[in-house]
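Numbers restart at 1 for each chain; the letters A, B, ... are given by sequence-line order, proteins then strands. All values below come from the heavy atoms of this structure, side chains included, with hydrogens, waters and symmetry mates left out.
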Amino acid sequence: MNMHAAPVAAGETLLSVEDVTLSFGGVKAIRGVSFDIRKGEIRAIIGPNGAGKTSMLNVINGFYHPQGGVITYKGAPRSRMKPHDAAATGIARTFQNVALFKGMTTLDNIMSGRTLQMKTNFFWQLIRGGPALREEVEHRKRVEDIIDFLEIEAIRKTPVGRLPYGLQKRVELGRALAMEPELLLLDEPMAGMNLEEKEDMCRYILDVREEFGTTIALIEHDMGVVMDISDRVVVLNYGEKIADGTPETVQADQDVIDAYLGVPH
Amino acid sequence: MTAASPAAQNQAKGDTFPKLLLDNAATRPDRPAMREKDLGIWRTWTWAEVKDEVMRFALGLEQLGLKEGETVAIIGGNKPRLYWTFMAAQSLGAIPVPVYADAIAEELAFVLDNADCAFAVCQDQEQVDKVLGEQEKLPKLRVAIYDEQRGLRDYDHTHLHAFTTVQEMGAALTHEGPDAAKRWEDKIAAGSPDAPSTILYTSGTTGQSKGVILRAGRAVQAARDTAAFDHLSDADEVLAYLPLAWVGDHYLNYAQGLVCGFCMACPEGSDTVPHDLREIGPTFYFAPPRVFEGLLTNVTIRMEDAGAIKRWLFKKYMAVAKEHGEAILDGKPVGSGARLSYWLGERLIYGPVKNVLGFSRIRVAYTAGEAIGPDLFSFFRSLGINLKQLYGQTEAFLYVTAQKDGEVRPDTVGPAMPGVDLKIADNGEVLFKSPGMFVEYHKAPEKTAEALTEDGYIKTGDAGIFEADGQLKIIDRAKDVGKLEDGRLFAPKYLENKLKFFPEIREAVTYGHDRPFVAAMLNIDLAAVGNWAERNNIAYASYQELAQHPRVAEIIRESVAATNKALADEPMMAGMQIKRFLVLHKELDADDGELTRTQKVRRSFVADRYAPLIDALYGGAEDCFVRTEVTFEDGRRGFIEATVKVHDAETAPVPAMAEAAE
């Protein structure tokens with residue numbers, strides 16, 4: 001592929017997960033998993049279906065509360081937090097099944113990602129005057145930067161429900177970027193895309209890191225993509241971590257190969 | 001000639017493009033020269049500002065070592081900075097060489113190598129990557145410059161510079177004192193009209209593309225003539241959306257813009273053009289027939305989805321427009337009742353339709369490049385849009401013939417332009433000499449010799465005839481006109497155009513030379529047929545699946561039968577009726593070499609590539625399995641496999657000749 005080699009991030013730890021356990025009734029989704037995400041890196045979480053990848057993302061994002069283990073974010077251990085707290089501390093995410101406001105335009109959807117940054121009170125927003133107007137112009141500028149960045153000018157005013165899936169994924173990424181996150185969680189950003197759309201998405205992910213310095217954790221099934229763009233990969237299987245390291249080491253790991261291809265009995 | 005018209009008197013003075021820039025900056029400094037939509041907002045530069053931007057960039061280029069006579073590749077879309085690069089390079093006596101933005105790396109390398117480019121100015125990372133990837137093939141390339149920085153931050157910047165950095169280098173000189181600016185202007189004043197001004201590479205319909213060297217003085221003169229012909233002035237406005245490397249964009253927007261001092265607007269991106277068109281509302285517009293076709297398809301589809309009252313109004317007033325619209329446009333006498341209906345139609349239908357398409361302000365619009373369907377042509381003209389046809393070539397620096405206001409027909413391309421010497425050779429080929437005609441092909445004297453007759457006329461390669469009123473009619477490529485086995489005429493293009501006038505047929509390739517009968521390979525139009533499929537509850541997953549659907553074959557069969565019927569009425573063409581046809585399993589694509597970059601079919605290439613299908617067409621088989629290699633946009637290759645059905649077409653009996661009936 002046409003990508004230049006990503007500089008391996010040697011940043012400090014942004015988020016670490018230690019010995020995290022999550023169960024739903026009797027089902028153990030995650031069993032004692034530990035790993036870390038360093039500042040400025042692209043960290044992939046891979047594994048076969050049902051390995052606990054999305055659950056892991058939901059834990060990081062505050063949507064699920066683990067029964068055991070510690071999550072440290074920006075140096076401070078995190079207690080029970082809600083997804084909106086996670087958002088306020090700079091964690092944004094996209095979803096496996098696109099979760100946009102279908103009836104709203106691309107512009108409005110991305111603008112909704114700015115909600116947390118809006119400071120003016122209800123009154124000013126109601127009459128759309130004074131500080132609210134100034135603020136809206138400022139936010140619109142940021143949103144336009146993102147539209148330019150993702151090259152979606154042509155669909156600026158199109159309701160997202162009418163867009164093809166690949167573009168919806170891109171709009172969703174735009175909304176996450178509008179939050180100006182420090183940590184961006186992407187749940188299968190390439191799912192259901194054709195080769196060209198995948199390449200575009202790879203380029204956007206690399207560019208997001210380069211332009212905004214965002215740390216990215218992503219779940220992905222396309223191994224070509226994972227090996228190409230990520231700095232480090234953690235592999236889960238049946239809720240357990242079976243490997244962790246650079247794409248090359250993970251690729252050569254026997255446990256990983258067994259997990260994906262099965263073991264002869 | 002109209003040299004004394006007020007419009008012509010207001011043209012900028014000078015015989016090179018940089019001289020025109022200086023004159024525009026002096027005589028109309030505050031008039032808008034360029035616009036670009038960026039971050040959702042239209043930004044405007046006046047002529048004085050453009051001059052300043054160009055000067056800073058030119059001085060920067062000079063410091064990077066760009067010398068007179070060297071060539072500068074320009075690769076990208078319609079961006080103000082790339083247009084400034086043309087002006088900056090020309091101001092230094094260097095020669096800009098635009099390259100198609102969607103050219104694959106090999107094509108790009110061919111042009112850069114053939115033109116000995118020392119500098120390459122790229123729009124973005126995509127283009128920079130292509131240039132850097134082919135670097136070892138380009139030993140003469142010294143400097144690469146990019147407009148948009150995104151993704152390029154970590155690249156080695158020894159020989160790579162940002163456009164803004166180069167401008168800052170120039171600005172540093174102008175801040176020291178007025179000397180640098182003075183020196184730059186003196187250099188422009190000393191520029192010779194006999195020096196090469198641009199090298200434009202032909203699209204390569206007939207193999208490897210050739211670099212057409214145009215001379216500054218001739219190019220400016222050609223633009224002056226046509227601008228006067230259509231009374232263009234600095235009050236006009238255009239949207240520059242055609243490929244930067246194509247003669248059409250360079251001529252209609254860049255050359256005419258500099259001559260007249262009108263404003264050129266650059267769209268936000270290639271896919272936002274319809275929106276941008278509506279916002280700008282150009283007064284002068286050019287589009288190839290297929291764009292008009294797309295617009296009409298869109299209007300039709302949207303009207304089908306509209307409410308009953310709107311549909312009724314549309315139908316009623318389009319009938320009025322069809323009957324009287326063109327006559328009113330051409331200033332012919334029309335009854336007052338009809339005029340009243342048309343006036344109402346303008347308020348209710350035509351005006352809003354034109355507004356949606358961005359055509360409200362159009363004074364002059366042209367189409368060229370392919371034959372345009374008579375119904376399609378009339379549709380736009382009947383709305384009151386002054387759409388005309390021209391015939392031109394890169395070698396002519398565009399215009400050879402163009403239709404005058406009020407003397408417009410769909411099947412001709414107009415009489416010779418002022419100053420153009422036009423004639424038809426004994427073999428039917430169109431020959432001409434024109435004010436803007438090229439000097440030579442770059443580094444290909446044998447090709448230059450081939451393109452010219454002994455007495456200096458350019459051979460167009462097109463077969464044509466003059467109509468009684470002096471308008472030229474183009475039939476086909478001269479070399480493509482062939483004969484069936486029984487000696488009857490076979491003009492493939494003529495036939496293909498007739499087929500393509502049906503909205504559901506996007507592309508047609510016909511064969512018949514030295515064959516017993518005519519056979520056709522067709523591409524369906526995914527938008528039109530897709531919409532039809534939706535309305536008829538036909539599910540499909542891909543082009544391939546829809547193309548082979550039996551009910552699609554039925555519609556296509558009807559279109560082919562109608563074409564045959566029309567041919568039967570023309571004595572010369574009756575032998576060209578299509579006996580067998582098939583719908584191709586993939587869309588013909590320039591990336592696979594099946595079309596040129598200007599979307600023209602390469603017939604013999606397609607014949608070689610689909611040899612098994614040709615055998616099936618002539619061998620009588622009912623279907624045929626094919627495996628085709630395809631190139632994706634990133635240059636990777638893959639295969640498409642399909643079983644293509646071959647159909648028999650219904651032919652029409654040729655009406656008996658009068659004498660035979662007696």
Item to check | side-chain contact (heavy atoms from CB on, under 4.5 Å) assessment of His275(B) paired with Lys157(A) | outcome: CA-CA 10 Å; His275(B) 304 269; Lys157(A) 303 242 165 102; 5.9 Å; no

Next on the checklist: One pair to check against salt bridge (Lys or Arg N to Asp or Glu O under 4.0 Å): Lys37(B) and Glu153(A). What are the steps and the verdict?
Outcome noted: CA-CA 10 Å; Lys37(B) 194 174 182 187; Glu153(A) 295 94 343; over 6 Å; no

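Note on Asp38(B), Leu39(B), Val273(B): by heavy-atom pairs under 4.5 Å with chain A, the leading option is Leu39(B). Of all the listed residues (Ile147(A), Leu107(A), Val143(A), Asp145(A)), the one sharing the greatest number of non-hydrogen pairs under 4.5 Å with chain B is Asp145(A).
Counting non-hydrogen atoms of neighbouring residues, nucleotides and ligands closer than 6.0 angstrom, the CD atom of Glu106(B) reaches no more than 12 such neighbours. The environment of Lys586(B) atom NZ is dense: over 12 non-hydrogen atoms of other residues, nucleotides or ligands sit within 6.0 angstrom. The environment of His159(B) atom NE2 is sparse: at most 12 non-hydrogen atoms of other residues, nucleotides or ligands sit within 6.0 angstrom. A 6.0 Å sphere centred on CD of Glu545(B) holds more than 12 heavy atoms belonging to other residues, nucleotides or ligands. Within a 6.0 Å sphere centred on CZ of Arg302(B), other residues, nucleotides and ligands contribute 12 heavy atoms or fewer. Applying the 6.0 Å contact sphere to CZ of Arg153(B) captures more than 12 heavy atoms from other residues, nucleotides or ligands. Within a 6.0 Å sphere centred on OH of Tyr260(A), heavy atoms belonging to other residues, nucleotides or ligands number more than 12.
Atom-to-atom distance recorded for Asp271(B):CG and Ile152(A):CD1 is 11.0 Å, nearest 0.5 angstrom. To the nearest 0.5 Å, atom CZ of residue Arg140(A) and atom CD1 of residue Ile41(B) are 7.5 Å apart.
If you measure heavy-atom distances from Leu152(B) to chain A, the contacts under 4.5 Å come from the backbone alone.
Residues Arg150(B) and Glu210(A) have side chains not in contact (no heavy-atom distance under 4.5 Å, counting atoms from C-beta outward).
The two residues Asp207(A) and Gly151(B) come nearest to each other via the heavy atoms OD1-CA, 3.7 Å.
Under a 4.0 Å N-O distance rule, the pair Arg156(A)/Glu268(B) qualifies as a salt bridge.
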